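Just so you know, these numbers come straight off a predicted model, no measurement behind them. Numbered from 1 within each chain, the chains take letters A, B, ... in sequence-line order.
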Amino acid sequence: METCIDWFGDGSLVVVDLSLACCAVESEFAVPEGAPRLSAVPEGAQVVAVISGTIAAPVADLVRTRIDSLGERTHVVAFGACACAGGPYWDSSAIVPGTGRLTHVDHLIPGCPPPPSALAEHVERLRDGGGEVT
Amino acid sequence: MNNDDRTTPGAPTPDAATGHGSIRLIEERCTSCMICVRECPTWCITIEAHSEVLPDEQGHHPSRQRVRTVHVLDEFTIDWALCMYCGICIEECPFDALEWAGPHVLGAADLVGLVHDRHALAEAGSR
């Protein structure tokens, strides 16, 4: 369900991708070639949590707990329509209609699915110290 | 995923494969008929409109004196947080008031920032 990626290969920024459904294909494609996969988040690294896919109600607590465990300073990205607002299932009782129902969200990337470049560009802006770009 | 696929000559890039980036509203063609609103699978389109009586020379049926009205568009929004980029609204519009446009819609810091009004939609693809 989860991959922990040293995005730039220097330990400065780690992306924790919570791969929940089909948008995970696109978020995986955004990963730089050869980026190391880690078993744990290194101390001092900037942490970006990416929620990619539909949040089914049974895993909602797991998602919330995992994001909380990454610390308050974690930058949370909702990747795709389902993670943003529930997508086509927004009125279904079986899903959570958006990551914002579980935790704080710092950036929302629209699309069904979004292009991988949208995630890659956002992560690069974060490394460069860029704030929110709208 | 095999990363070598990214460099396959002639293969579509990921962005090209999902190349429906945004939708432009051509406001002067929109009659506020609501077909796009009703057909959207995620209900991400909203329209607000009001009716106005046509001027006297156009406003009455010659035989029955029936008042004729026309819809005037007040607001048209697309909630990109919900949009699936399926294009059904574009396909179903009888007046071609919607069309694919430009690069992918940018992300935002909150859900409100992903609701684009008719002014933003008119300029879609121009950034």
Side-chain angles (χ1 to χ4, degrees), chain A residues 3 19 22-35 48 50 54 75-92 95 97-101 104-123 125-126 130-134, chain B residues 1-8 11-23 37-46 77-90 100-117 119-121 123-125 127:
Chain A
T3 46
S19 309
C22 36
C23 273
V25 175
E26 309 301 318
S27 59
E28 175 65 27
F29 211 100
V31 178
E33 204 163 348
V48 178
V50 177
T54 318
H75 183 92
V76 179
V77 176
F79 185 74
C82 287
C84 286
Y89 319 111
W90 62 267
D91 61 345
S92 167
I95 67 105
T99 310
R101 302 293 181 107
H104 74 282
V105 178
D106 298 289
H107 189 71
L108 302 113
I109 298 177
C112 184
S117 60
L119 177 59
E121 289 166 8
H122 183 65
V123 174
R125 276 197 298 270
L126 289 173
E132 186 55 51
V133 177
T134 57
Chain B
M1 181 173 293
N2 182 357
N3 286 345
D4 291 338
D5 288 346
R6 301 183 198 190
T7 54
T8 302
T13 63
D15 282 2
T18 57
H20 291 160
S22 185
I23 294 171
V37 175
R38 293 200 307 265
E39 295 296 327
C40 174
T42 63
W43 296 10
C44 77
I45 301 175
T46 64
T77 68
I78 293 181
D79 185 348
W80 294 109
L82 284 172
C83 178
M84 294 170 63
Y85 297 75
C86 65
I88 288 176
C89 54
I90 294 172
W100 291 116
H104 198 75
V105 173
L106 290 173
D110 53 36
L111 288 170
V112 175
L114 288 178
V115 178
H116 289 191
D117 65 12
H119 304 297
L121 294 171
E123 295 170 1
R127 72 179 164 93

A/C84 and B/W80, any side-chain heavy atoms less than 4.5 Å apart: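 A side-chain contact under 4.5 Å is absent here.
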B/L82 CG to A/C82 SG distance, which is reported to the nearest 0.5 Å: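 SG of A/C82 is found 9.5 Å from CG of B/L82.
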Spacing of B/L106 atom CG and A/H122 atom NE2 [to the nearest 0.5 Å]: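 Reported value, rounded in 0.5 Å steps: 11.5 Å.
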Minimum heavy-atom distance between A/P110 and B/G107, given as atom pair plus value: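 Smallest interatomic distance, heavy atoms only, reads CD-CA, 3.8 Å.
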Contact summary for A/C112 and B/M84, nearest pair of heavy atoms: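 Of all heavy-atom pairs spanning A/C112 and B/M84, the closest is CB-CA, 3.5 Å.
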For chain B, the option from A/G80, A/G111, A/G87 that forms the most heavy-atom pairs under 4.5 Å: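 Sorted descending by pairs with chain B, the first entry is A/G111.
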Enclosure of B/Y85 OH (heavy-atom neighbours >12, cutoff 6.0 Å):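 Yes - once you tally the heavy atoms of other residues, nucleotides and ligands closer than 6.0 Å, there are more than 12.
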Per-residue contact mode, B/L114 against chain A (heavy atom under 4.5 angstrom):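 For B/L114, the side chain is the part near chain A, not the backbone.
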